[in-house]
Amino acid sequence: MSHKFYVTTPIYYVNDAPHIGHAYTTILADVLSRFHRALGDDVFFLTGLDEHGQKVQQAAEKRGLSPKQHCDELAPRFLDLWKKLGISNDDFVRTTEARHIRVVQDILQKVYDNGDIYQHEYEGLYSVAEERFITEKEAESGQFREIKRLKEKNWFFRMGKYQERLIRHIEDHPGFIRPESRRNEMLGFLRQPLGDLCISRPKSRLAWGIEIPFDRDYVTYVWFDALINYISAPGYLADDAKFRRWWPATAHLIGKDILTTHSVYWTTMLFSLGLPLPECIFAHGWWLMGDSKMSKSLGNVVKPLDLIEQHGVDAVRYYLMAEMILGADASFTPENFIKRYNSDLANDFGNLLNRVSGLIAKNHGGVIPPAGEATAAEEEIAAAGRTLGAKVEALVRDFKVDQALNEIMNLIRAVNKYMEAQAPWKLAKTDLAAAGRVLYTATEALRLSAVLLSAVMPEKTAVVLDILGAKGSGLQWGELKAGTALPTFPPLFPRIEVEKQ
RNA sequence: CGCGGGGUGGAGCAGUCCGGUAGCUCGUCAGGCUCAUAACCUGAAGGCCGCAAGUUCAAAUCUUGCCCCCGCAACCA
């Protein structure tokens, strides 16, 4: 059965240097997209950049550039990284593009016309140094200087009026905010009265933003602008057929830090527009550097490009997907990376391929031997192989990529055990057909695993499937063709040697 | 009493809903194999499942109390 699958990453703030967190979310979206495409689903994968706001304006001023020039210079850092990471996004939206700006303005007008935007004098604590309003909590933190009370006329979005409806929606849709702990957090948050949202900034204070169509002295608040990318890109108010095809999104993948903006601001905006809500907002954890938070000031930011250069893109993709447990924080250390790479990819998967192909070259003329008559031992492996695809599919549809990878590795481990028990290198001396049967079974398990791993490691699995003459093969057990010549090849995942201390 | 999540062998997790030999990966130690990328396989050590009380023939799992860790408490992005 074919489904629609529309997945998004957040649009990343253009001023940030891309780090491992950006890479993680985007790879996750890519893996899900590739998987769903392989399942025959209709996929739209969107990522992009958030280019408005005060920090962009300030950074551009500092460099003596216009904000737009500044953004144009920075955007390639993300585009290049996505290219190197093998990201298969279908669209890339920048909030400074005309197609986006127009939709944001149309929406502002629409929401204004339906009475959900009103003008009001706002009074709050303002940090002159930071040039922005701050919360009571932030004021107490002592991080902000030159705090004073300031009154300012602004435009507000009637977010509060949708509070009950939002609570009901979350309660009626258990999978709407995931993981469940985050869902609870949001329900807890919504137990308190929900205020309205200030969605304007006077140009005198912040000029770099999208102008509010009914009051040209103001630009709109960045989140009101940024969130709209999820519908502006698939054609809202521009291309009805396209929009109807994709919206509502299947999943918004986000970091846990922007959960409120997505599950409260965005949803109420959609309510006001009369649009359906996305099926799922999925908040993943953060990558910690060892035990501490990743931060520029600590100088412990891991650059994804460095990792790719050292270990290859597939290893990086595999590591990030396997190591982050659904919804929880994960810890990155170089030792950890090497450990997982060596044990899963080099020792288990790569080495198994190597021993199997070596034996076929040595004893079977370099040609994949016939499957023969399965004994109980082969049946056991085949049975595991036959159920694996469905298991993995169910887990991936449920965002449990780490568990799906573990299931695949379980098959590889089982085959290593099977090889040991059957010892085809010994069997070859007395019963060549039996040895061939074992090697066919092991190779077939490798083929199947490669097919299932191809969403995570597109490059390396393409090499494997090419070697096995099984390009384009599927999830049926036994698709491997006996008689196919098996060329020799260098180790797929060379072990990373570490000096022992 | 603001709300929520969690505390399981050295590390990271599963098991808790539907009580009944505590499981997986990594690490450590010993052995085996020697087809292979010093890889692979087998076995062992190591846990009173945060603490205490209760229910029960039986509790990691149910009830109650306590301790500790973490997240959220919006309008910077």
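A, B, ... follow the sequence lines: proteins, then strands. Residue 1 opens every chain. Scope of the values below: all heavy atoms of this structure, side chains included, with no hydrogens, waters or symmetry mates.
By the 4.0 Å N-to-carboxylate-O rule, A:Arg178 lies close enough to A:Asp398 to be salt-bridged with it. Here A:Lys256 pairs with A:Asp329 in a salt bridge; the nearest charged N to carboxylate O distance falls below 4.0 Å. Of the charged side-chain nitrogens involved, at least one lies within less than 4.0 Å of a carboxylate oxygen, so that A:Asp344 and A:Arg340 count as a salt-bridged pair.
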Under 3.5 Å, which protein N or O atoms sit close to an N or O of nucleotides 7-17 of chain B? Give each pair with its distance.
none

Find every protein N or O atom lying less than 3.5 Å from an N or O atom of nucleotides 40-45 of chain B, and list the pairs.
residue : atom : partner  : partner atom : Å
B:C40   : O2'  : A:Arg355 : NH1          : 3.2
B:C40   : O2'  : A:Glu420 : OE1          : 3.4

Using atom names, set out every protein N or O paired with an N or O of nucleotides 1-5 of chain B below 3.5 Å, distance rounded to 0.1 Å.
residue : atom : partner  : partner atom : Å
B:C3    : O3'  : A:Arg191 : NH1          : 3.3
B:C3    : O2'  : A:Arg191 : NH1          : 3.2

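Between A:His169 and A:His173, the ring planes are parallel. Angles under 30° get that label, and only those over 60° would be called perpendicular.
The nucleotide whose nearest atom lies closest to any side-chain atom of A:Lys362 is, among B:A74, B:G27, B:C35, B:C35.
A:Ile101 pairs by the side chain to side chain contact (heavy atoms under 4.5 Å, CB included) definition with A:Gln105, A:Ile210, not counting sequence neighbours. A search for side chain to side chain contact (heavy atoms under 4.5 Å, CB included) contacts involving A:Gln119 returns A:Lys153, A:Trp155, A:Asp215, A:Tyr218, not counting sequence neighbours.
Using a 4.0 Å heavy-atom criterion, one finds that A:Gly358 contacts no nucleic acid atom at all. Across all strands, A:Val264 comes closer than 4.0 Å to no nucleic acid atom at all (heavy-atom distances). Residue A:Asp50 is in sugar-phosphate contact alone, with no base atom involved, counting any heavy-atom pair closer than 4.0 Å across all strands shown. Backbone-only contact: A:Arg201 has heavy atoms under 4.0 Å from sugar-phosphate atoms and none from a base.
With hydrogens and angles ignored, no donor-acceptor pair under 3.5 angstrom links the side chain of A:Trp425 to the base of B:A36.
For A:Glu407, the CD atom sits in a packed shell: over 12 heavy atoms of surrounding residues, nucleotides or ligands are nearer than 6.0 Å.
Remark: RNA chain B takes part in the stems B:2-7 with B:67-72, B:10-13 with B:23-26, B:28-32 with B:40-44, B:50-54 with B:62-66, each of 3 or more antiparallel Watson-Crick or G-U pairs, criterion distances under 3.5 Å.
Dashed line: the shortest gap from a side-chain N or O of A:Tyr12 to OP1 or OP2 of B:A77 is not under 4.0 Å.
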